[in-house]
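This report concerns only the one structure given below.
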Amino acid sequence: MAEVKITDLRKSFGDTQILKGIELKVADGEFVSLVGPSGCGKSTLLRIIAGLEQESAGSISIGTEPVSGIRAADRNLSMVFQSYALYPHLTVAENIAVPLRMRQMTRWQRLPLAGGLMPGAKRREQEIAAAVAQAAETLEIGALLDRKPGELSGGQRQRVALGRALVRAPAAFLLDEPLSNLDAKLRVHTRTEIAELHRELGATFIYVTHDQVEAMTMSDRIAVMMGGEILQCAPPQKVYADPDDLRVAEFIGSPKINVLPAEADAMGRLSVLGRDLPIAVRPGRQTLQIGLRPETLHLARGDAKIVGRVVHLEHLGSELFAQVAVEGLQGRLVLRAAPAQAAALQIGSEAGLDFDPASALVFDAAGMRVREILTAPAKSLAQAV
Amino acid sequence: MTRFNELLKHAVLLFGALIVIVPFYQMVSYSLKSPAEIERGIGGFAGSQALMTDEQCVGRNTPDRSDVETARTRFPGQDDSHVLGQLLEEVRAECQVRPAVFNYTSAFSEAPLLCYLLNGVIVTLSIFVIQVVVALPAAYALSKLRFWGREAVFGMVLFCLLIPVHAIALPIYVGLAKLGLINTYAALVVPWTISVFGIFLMRQFFMTVPDDLVDAARMDGMGELAIVWRVMLPTAVPALMAFAIFSVVAHWNDYFWPRMVVTGDRSLFTPPLGLREFKADIDGSLYGPMMATATVIVTPLIAAFLLAQRKFIEGITLSGMK
């Protein structure tokens, strides 16, 4: 178990910059997810940590050791691949035993047939068999040990791949989208299992995914990557509630955050769709954007800030999402409502929406978060008229 | 209409199959028949299998003076020429054999066919094993490793595929002669050990093996050579079988190269060279034994193919990786 520290890591293929100065410190025993849309460089980053890809600049250290130039086999890391990458010609037990055999047995002991006669080989074999049995028990795949990967279902293969990773105690576990080939139900189930496994082992996990739900549910911290940079690295709640960047706010959370254009007058007072809000920013900016999570919007009781027409409803049982088209807005607003409110929301009917201005996330035109929110000064009489 | 099309397709296929099979049929048929039947083209597939006289057997056992002396007691009161006649009759009676038996026994007795077959096994297996030892790492490097000039090297492999062996046979022969290797197993094996076809075929197959599998092996602590032998080789078994068929058939049947580098030393003859033993001499061509030899030579190949065919089709699916 060890911490992983990445300093100013850069990677380019030819003229294309894939990673642009990544800084990340994963503490010992921490579960960090790298999450981002495809092509953001998250898998490349993981492969560089693993030693499967060479960095262009920057450094990585595992524990206290810098690992630049050390080959993958010698970095003491375990990795689970998206495609599982099991050896098709070996049984499940043999697959799981491979990392131990390669690391704990000498070249001569590994020889087929003759290897068994080498001194110490038998004892090693027994130790390895015990370790394999234990890993199989942890993952509940004891019954599959004699099968070949070709005879297993996707979920079973995934477990074997996990078993192969955790049969030894590496410095850190690297997981590259291990759940993306599973069906939705199994994915939810395995998600919990991996999180529990992490708690049990207390090991360092670095987990790559494009699915923000996976990242949110499993991680101690999420590193949101886009365009070769880490935009924000923070615990899931913070990334959700307090994003640094509009892109982070848009990527995290489902359904997506609602983004409305906002204007600030000379005094910094904000208005949305022509309605004044009781909040302000420092004067100087004109165009801004505000982000509203679906749950911060609610049906207006009296005077509605935003008026639109319901165009689509999604009943999820425990909650209800309504898509509302608003004149002057390109996208639709998504509102989360309680099922009890279903009667008030009919497709085609008009809906007045309201929100608490304090819960609005304010971003500048470039998408950076504006954290300094002031109470709007009262309008002067002259302006009011 | 579709019925007619089906018939037509089968007719064409049958015709093709016949063209391929007729020489084999002829070979097996000749290997069973007596010389007289072969010459006159009678007797159907297996001939009448009527007893025939093995003239060579008669030649070997022709009675001489001493035989006549010892046999005189058995034929009291007869003159020598009569006794000789009687003895000759007996010898001829003893040398009566069935044509099929005659052909196959002379195939093995007139030429040391077992020795030739053994040579064939040694040579083709050595060639194949060394070809694999060379081609697998080369193909792995060309498909899975990134290094400067990889495409150029692969281009050279493709270029070498275009070079006909006969064009470079003479320089290779001269080289081997200078090294003093003519009339050795090495001369039969060494020129074939680097198979560009093998490299090409295995490279194409390795391209289909997911990179993740190679990366997983690296994470598990394998070096590059360990990956070749422990991961790539087992997954490549179907492709290797295909290559084995090409390689073994080509070198088992090769007549040209052994004929060049094995001059005189009959203990190094490969099976096809064994056929020459029955080419026309004073007795005329012995087609029966010659075809029996040919049948014996092709049998191991056909048997091997039938055995490998199942493996060929089953293979090891790469499904375990997806």
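Any value given below was found using the heavy atoms of this structure, including those in side chains, with hydrogens, waters and symmetry copies removed. Chain naming here is simple, since letters A, B, ... match the order of the sequence lines and numbering starts at 1 in each.
- For the pair B:G221 and A:A73, the tightest heavy-atom approach, listed with the atom from each and the gap, is CA-CB, 3.5 Å.
- Applying the ring-ring contact (aromatic ring centres under 6.0 Å, His included) rule to pairs touching residues 145-183 of chain A yields A:F173-A:F205, sequence neighbours excluded.
- For the side chain to side chain contact (heavy atoms under 4.5 Å, CB included) with A:F81, the qualifying choice from B:D212, B:D211, B:L213 is B:D212, the only one to do so.
- Looking at A:L52 and B:M219, their side chains come closer than 4.5 Å, going by heavy atoms from C-beta outward.
- Rounding to the nearest 0.5 Å places CZ of B:R146 at 10.0 Å from CD of A:Q54.
- Of the atoms belonging to B:A226, it is side-chain heavy atoms, and not backbone ones, that fall under 4.5 Å from chain A.
- For a heavy-atom cut-off of 4.5 Å, chain B lies close to no residue in residues 29-41 of chain A.
- Heavy-atom distances place both the backbone and the side chain of B:R230 under 4.5 Å from chain A.
- Sorted by first and then second residue, the side-chain hydrogen bond (donor to acceptor under 3.5 Å, both in side chains) pairs with a member in residues 114-142 of chain B read B:Y116-B:R266, B:Y116-B:E277, B:N119-B:Y185, B:Q131-B:S247, B:Y140-B:R218, B:Y140-B:E224; sequence neighbours excluded.
- When every heavy atom of B:G223 is checked against every heavy atom of A:R71, the shortest pair comes out as CA-NH1, 3.6 Å.
- Around CG of B:L145, the count of heavy atoms belonging to other residues, nucleotides or ligands within 6.0 Å exceeds 12.
- Judged by distance alone, with hydrogens and angles left aside, the side-chain atoms of A:R164 form no donor-acceptor pair with the main-chain N or O of B:D220 at under 3.5 Å.
- Under the rule for a salt bridge (Lys or Arg N to Asp or Glu O under 4.0 Å), the partners of A:R47 that lie at least two apart in sequence or sit in another chain are A:E53, B:D215.
- Counting heavy-atom pairs closer than 4.5 Å to chain B, the top-ranked of the candidates A:R75, A:R103, A:R101, A:M79 is A:R103.
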